[in-house]
S.K.: 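Pasting a structure below so you can have a look.
Keep in mind it's a predicted model, so treat the numbers as computed, not measured. Every chain is numbered from 1, with letters handed out A, B, ... down the list of sequences. Reckoned from all heavy atoms, side chains included, excluding hydrogens, waters and symmetry mates.
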2 protein chains.
Amino acid sequence: MPNKILKSRQSQAINCLDCPSRPLCITGGLVHKTEIEEVNDVIMNSITLKKQKHLFHAHTSMKNIYAVYSGSCKEYWIDENGNECLTNFYFPGDLIALESIPDRTNLLSVSALEDSELCVLPLNELYPVMQKHLNVLKRFIAITGNKMRNDRSTKMGVTANERVSDFLLNIISRMLERNQTEKNIPLPMSQLDISNYLGIAHETVNRIFKNLKDQEIIKIENKMMTLLDLDELERLGRLDYSLK
Amino acid sequence: MPNKILKSRQSQAINCLDCPSRPLCITGGLVHKTEIEEVNDVIMNSITLKKQKHLFHAHTSMKNIYAVYSGSCKEYWIDENGNECLTNFYFPGDLIALESIPDRTNLLSVSALEDSELCVLPLNELYPVMQKHLNVLKRFIAITGNKMRNDRSTKMGVTANERVSDFLLNIISRMLERNQTEKNIPLPMSQLDISNYLGIAHETVNRIFKNLKDQEIIKIENKMMTLLDLDELERLGRLDYSLK
DNA sequence: CGGGCGTTTGAACGTGCTCAAGAGGAGTGG
DNA sequence: CCACTCCTCTTGAGCACGTTCAAACGCCCG
């Protein structure tokens with residue numbers, strides 16, 4: 001696994017208490033300082049991951065879960081024809097590898113969409129903290145529930161237009177949670193990634209993006225999206241994210 | 001909520017220790033009798049649910065999770081056009097309402113596909129057992145991970161043939177886990193349910209079923225499926241369930 | 001400066017949808 | 001117990017959306 005640098009977390013001044021993504025992450029909603037600090041103590045290391053480098057590959061063993069501190073990642077597998085099938089995108093505050101817990105095996109690969117930093121949470125050290133602090137236990141289980149909801153919600157659309165609109169609404173909703181404004185939505189993944197995620201030809205994704213831009217519903221330049229007409233985008237999709 | 005009968009669990013002689021679905025359910029893998037018994041003690045009641053009756057409706061508050069003891073359920077929501085969008089099927093040993101934990105709100109409805117029995121697990125009473133017994137905590141989190149994997153795996157196919165094949169492979173794999181033989185796979189849901197689940201026209205589902213039957217890959221009669229040619233079904237799908 | 005990736009656009013084909021209609025089966029009420 | 005209704009399953013025909021194939025361009029990165 002080249003280009004992956006492990007650093008002691010202390011030396012980087014990364015700390016849950018002043019992490020901007022804390023509300024979304026595992027210490028989100030916790031009020032007692034001791035609870036937060038005990039989770040923070042579990043996270044000894046962080047990983048710096050250069051663009052396109054892998055956090056882990058499919059069919060490897062898993063010991064840690066990871067929290068995105070900065071940047072973004074994609075999760076995928078390679079099918080029998082060599083196609084890259086994307087299963088998820090991860091942004092700051094998201095936990096990676098929750099799926100790998102049952103048999104401690106990664107069934108999917110994860111790589112960075114851009115230069116990223118990730119916090120390392122050794123699973124075996126996290127369990128005792130959950131046992132000691134009910135609020136940490138509740139928080140962790142709530143996060144797994146939120147992931148189930150999020151994973152479900154992005155692929156319900158039937159037509160290509162619905163799927164792309166729902167995808168954008170999902171990204172927008174997650175970015176607004178992360179204190180981005182609607183003029184400032186990062187889209188770090190390529191259109192090809194989006195097509196592989198949605199199970200749609202990349203030409204179709206491109207044409208739908210063009211339509212959305214021509215109709216002045218969104219604007220995209222330099223991997224950043226500006227939302228111009230939320231009402232119309234919600235009308236095109238099937239989901240209600242209640243973004244108002 | 002008509003036709004829903006709550007009984008004291010004791011009076012029904014339903015007990016985790018001799019439940020046939022225990023290996024798949026929350027006490028699966030546990031070896032210490034005290035652990036199993038303390039989980040069992042949390043489950044005071046079971047629910048008898050007649051076919052088509054609801055366990056709960058969307059937009060209601062949630063206090064319990066449910067374990068299917070017998071029968072089967074479907075989970076769905078109604079979109080703005082009144083279409084029933086199926087999100088999951090639940091079989092004996094499966095836990096229902098894990099998604100509802102974050103905000104204690106059901107976003108989806110669940111109803112019975114056939115007469116069913118469900119065990120009621122009050123969430124607030126389950127937390128202390130997880131805190132006390134590391135193995136119960138690990139088991140619960142493993143189940144959430146398994147659900148994430150299962151939810152993901154059924155909708156990756158792009159073509160209608162792939163989606164139907166993957167759906168059948170998923171059902172078969174879950175039924176073999178439940179000690180069914182490949183000559184004896186229950187399909188309690190209607191073709192309409194399957195089409196609503198897969199996001200495919202029900203006519204298309206029917207035609208693909210007809211092809212699978214004509215090619216002697218499967219046989220279906222009276223809501224029971226017989227698997228005749230696993231190799232061919234796996235070739236048609238995209239997933240590898242390694243069912244051999 | 002060259003190569004490769006990502007994006008854009010066009011044209012033709014084909015899968016799967018829509019609409020329509022009928023048969024079979026289960027459940028309900030008289 | 002039968003008749004009626006509704007739901008599910010089945011099959012056909014035409015159409016449309018999205019794919020596939022092809023080609024060209026811009027741009028990032030080495």
S.K.: For B:Asp193 and D:dC9, give me the distance from atom CG to atom P, rounded to whole Å.
M.R.: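 Nearest whole value for this atom pair: 8 Å.
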S.K.: Return the value, rounded to whole Å, for the distance between atom CD1 of A:Ile194 and atom P of C:dG6.
M.R.: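 Whole-Å distance recorded here is 12 Å.
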S.K.: If the test is side-chain contact (heavy atoms from CB on, under 4.5 Å), which one of A:Val205, A:Leu187, A:Leu86 qualifies with A:Asp193?
M.R.: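 That would be A:Leu86; it is the only one of A:Val205, A:Leu187, A:Leu86 passing the side-chain contact (heavy atoms from CB on, under 4.5 Å) with A:Asp193.
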S.K.: Under 4.0 Å between a side-chain nitrogen and a carboxylate oxygen: does that hold for B:Glu114 and B:Lys223?
M.R.: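 Salt bridge: no.
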S.K.: Is the number of heavy atoms from other residues, nucleotides or ligands under 6.0 Å of A:Lys219 NZ greater than 12?
M.R.: no
S.K.: Between B:Lys51 and B:Ala160, who's closer to the 5' end of DNA chain C by nearest nucleotide?
M.R.: B:Ala160
S.K.: For DNA chain D, what residues of residues 203-224 of chain A have any heavy atom nearer than 4.0 Å?
M.R.: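 DNA chain D contact set from residues 203-224 of chain A: A:Glu203, A:Thr204, A:Arg207.
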S.K.: Is it true that A:Lys51 and A:Asp115 have a side-chain N and a carboxylate O under 4.0 angstrom from each other?
M.R.: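 No.
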S.K.: Roughly how many Å is it from CD in A:Glu114 to C1' in D:dC28, rounded to a whole number?
M.R.: 16 Å
S.K.: Apply side-chain contact (heavy atoms from CB on, under 4.5 Å) to B:Asn88 and B:Lys147, showing your working.
M.R.: CA-CA 10 Å; B:Asn88 249 316; B:Lys147 176 165 162 60; 3.0 Å; yes
S.K.: At how many degrees, to 10°, do the end axes of the helix from C:dC1-D:dG30 to C:dG30-D:dC1 meet when each uses five pairs?
M.R.: 60°
S.K.: Please list all pairs meeting ring pair (Phe, Tyr, Trp, His ring centres under 6.0 Å) that have one or both residues in residues 207-235 of chain A, counting only residues at least two apart or in different chains.
M.R.: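 Sorted pair list comes back empty.
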S.K.: Can you identify which nucleotide, out of C:dT7, D:dT8, D:dT19, has its nearest atom closest to the B:Ser190 side chain?
M.R.: D:dT8
S.K.: Rounded to whole Å, how long is the line connecting atom CD1 of A:Ile200 with atom P of C:dG16?
M.R.: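 One finds 14 Å between P of C:dG16 and CD1 of A:Ile200, rounded.
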S.K.: Does the side-chain hydrogen bond (donor to acceptor under 3.5 Å, both in side chains) test come out yes or no for B:Gln191 and B:Asn206, once each step is laid out?
M.R.: CA-CA 7 Å; B:Gln191 289 181 13; B:Asn206 182 267; 2.9 Å; yes
S.K.: Which whole-number value in Å describes the distance from A:Leu113 CG to D:dC28 P?
M.R.: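 After rounding, the reported distance stands at 17 Å.
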S.K.: Considering only NZ, NE, NH1 and NH2 on the basic side and carboxylate oxygens on the acidic side, decide whether B:Arg152 and A:Glu99 come within less than 4.0 Å.
M.R.: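 A salt bridge is present here (some side-chain N lies under 4.0 Å from a carboxylate O).
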S.K.: Salt-bridged, B:Asp231 to B:Arg235, with N to O below 4.0 Å?
M.R.: no
S.K.: Could you state the NE2-C1' distance from A:His202 to D:dG18, rounded to the nearest angstrom?
M.R.: 13 Å
S.K.: Rounded to the nearest Å, what distance is computed from the CG atom of residue B:Leu192 to the P atom of nucleotide C:dT18?
M.R.: 13 Å
S.K.: A:Gln191 has an atom CD; how far is it from atom P of D:dT19, in whole Å?
M.R.: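 In whole Å, D:dT19 P and A:Gln191 CD are 14 Å from each other.
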